[in-house]
Structures are given as structure tokens and as C-alpha cells.
**Student:** 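Supplied in C-alpha cells, the structure appears directly below.
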Amino acid sequence: MKTADFLPASRFLDCLDRRKTPGRVLKLLLYAGFCLVLAAGARFEADRQERLAQEAEQPDEAALEAGRRLEAVYQEMQDYALRLDPLAEHLKLPRIGPVLAGLPEAAGRRVLLRQVSWRHELRTEKKGSKRLIGDVVMNVAASVRGDEPLLRLPEALREFAGYREARTISTQVDEEHLDSVDAVVELKGDLQLPSYLSRKK
């Protein structure tokens, strides 16, 4: 036990009254105000950091505009690709331009070429086979003066073009020039198929 345990209650009340000074109250108020200011500052900083994080997550207008432009360019490229695919497939086939350029000279001076047409034909190598074989079929319509040029025309064109076979499929007397014959010569040659066409799908 301690001596304070035997003191009367009035002594304790006097002690408490002495502690209730304006200085102590002022110190308590200042401490409470300081705590409130710290709490408000912490809350303000937390709100500011949250706003900064939200702004950082949202892309700016320049980035959005660049994304829209990139998407437009990509769509335009897709449209061009759809148009160019058939052209690319056609360009993979053997070119016939060099043959066309030399046909008049190969035909001879007494032959006037009127029309040249060609097509590609695909067929299976044999019945039941999946392997495809291609032919270039060219039709040459010409006005020919004289029997000898008419007879040698198919072979002359075949040799020049390097095709497999050539034959005259029609002849008709030219009504305007009785010494000329309108003839159509058909030439057939092997077509070297690209790998994507060499097998049936």
C-alpha cells in the first residue's frame, strides 16, 4: 500500500483542479488541431494521387487520333490487298507478252495478223489423278496471201512460240481481197503451273 491510498478524496480533487489550467487546455487544443491538419493533408494527398493515377490510365487525344488514323490506313491496305490478290495470282502464270511481240515477224510479210487470243486450260493428268496439267491455247486469226504462206503458217508460229502443236482450224476466202484467205491457227503449249495450282484442292 502507498501513502496516497490514505489521503482523503478532497486532496485528489484539488490535484485535478490544479491540472485544469488554460495552458494545458490550449496545448490539448493545439495538439488536436495538429492531428486534424495532418489527417486533412493525408486525405488531400491521397485524392491527388488517385486523380493522377486515373489521368495516367486514360490515353491523351493525340494517341487516340493516331490510333484512328492507323486503323484507317490498315483498312485501306486490306481493301487494296483484296483487289491485288487476283492480279498477283495471274502474274504467277507464265507471261505471254514476249510471244505476242514476235508473232508478226514469225508469221511473215504476206500474213496480216487480225486477232490473237489465248487462254489457260487445266486438266487432270489422267483419270482419277489429283495432279493438274496446264495448257496455253492461243488462237491467231490472220489474212494470208498465197498458198505457200498459208501452208507454212501453223509450223512457223509453233516453232517461234515453242508450243507443242499447231493446226489450222478454219479457212475462208477474203471477200474483199480474192487472193487472200482468212485463217485461224490454234496453238497449244505446256503451261508451267505455279505450285499452288499443281494439285487439285
**Student:** Could you tell me if the side chain of V184 sits less than 4.5 Å from the side chain of T168, heavy atoms only?
**Tutor:**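 In short, these two side chains do not touch, never coming nearer than 4.5 Å.
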**Student:** Enumerate the side-chain hydrogen bond (donor to acceptor under 3.5 Å, both in side chains) contacts for residues 134-146, please, sequence neighbours excluded, ordered by first and then second residue.
**Tutor:**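 Sorted result for residues 134-146: R123-D135, D135-R164.
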**Student:** Is it true that E65 and R68 have a side-chain N and a carboxylate O under 4.0 angstrom from each other?
**Tutor:**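 Judged by the 4.0 Å cut-off on N to carboxylate O distance, E65 and R68 do form a salt bridge.
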**Student:** Would you compute the distance between atom CD1 of I169 and atom CZ of R167 and round it to the nearest 0.5 angstrom?
**Tutor:**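 One gets 6.0 Å once the value is rounded to the nearest 0.5 Å.
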**Student:** Among pairs that include at least one residue of residues 98-115, which meet side-chain hydrogen bond (donor to acceptor under 3.5 Å, both in side chains), considering only residues two or more places apart or in two chains?
**Tutor:**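 Counting only pairs at least two positions apart or across chains, no side-chain hydrogen bond (donor to acceptor under 3.5 Å, both in side chains) contact touches residues 98-115.
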**Student:** Between K188 and E165, is the closest basic N to carboxylate O distance under 4.0 Å?
**Tutor:**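 Result for this pair is no, no salt bridge flagged.
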**Student:** Hey, is R51 close enough to D47 for a salt bridge, meaning N to O under 4.0 Å?
**Tutor:**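 No, this pair does not count.
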**Student:** If you count heavy atoms of other groups shown closer than 6.0 angstrom to CD of E45, is the number above 12?
**Tutor:**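 Correct, the count exceeds 12.
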**Student:** Hey, are the side chains of V73 and E71 touching, using non-hydrogen atoms and a 4.5 Å cut-off?
**Tutor:**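 No, too far: nothing below the 4.5 Å cut-off.
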**Student:** Under a 4.5 Å side-chain heavy-atom rule over Ile, Leu, Val, Met, Phe, Trp and Tyr, are V137 and W118 clustered together?
**Tutor:**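 Hydrophobic grouping puts V137 apart from W118.
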**Student:** Hey, can you pull the donor-acceptor pairs under 3.5 Å for the side chains in residues 152-160, sequence neighbours left out?
**Tutor:**
from	atom 1	to	atom 2	distance (Å)
R152	NH2	A107	O	3.4
E155	OE1	R158	NE	3.3
E155	OE2	R158	NE	3.3
E155	OE2	R158	NH2	2.7
R158	NH1	Y163	O	3.2

**Student:** Applying the 4.5 Å side-chain criterion to the ILVMFWY set and letting contacts propagate, would L112 and L103 be lumped into a single cluster?
**Tutor:**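 Result: no, two separate clusters.
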**Student:** Find out whether L38 and L36 are in side-chain contact, i.e. whether some heavy atom of one side chain is under 4.5 Å from a heavy atom of the other.
**Tutor:**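 Of all side-chain heavy-atom pairs linking L36 with L38, none is under 4.5 Å.
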**Student:** Report whether V144 and V116 are members of the same hydrophobic cluster (ILVMFWY, side-chain heavy atoms less than 4.5 Å apart, transitive linking).
**Tutor:**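 Yes, one cluster joins them.
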**Student:** Any salt bridge between R119 and E121, counting N to O under 4.0 Å?
**Tutor:**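 Yes, R119 and E121 are salt-bridged.
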**Student:** Going only through I, L, V, M, F, W and Y residues with side-chain contacts under 4.5 Å, is there a path from L151 to V111?
**Tutor:**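 Different clusters.
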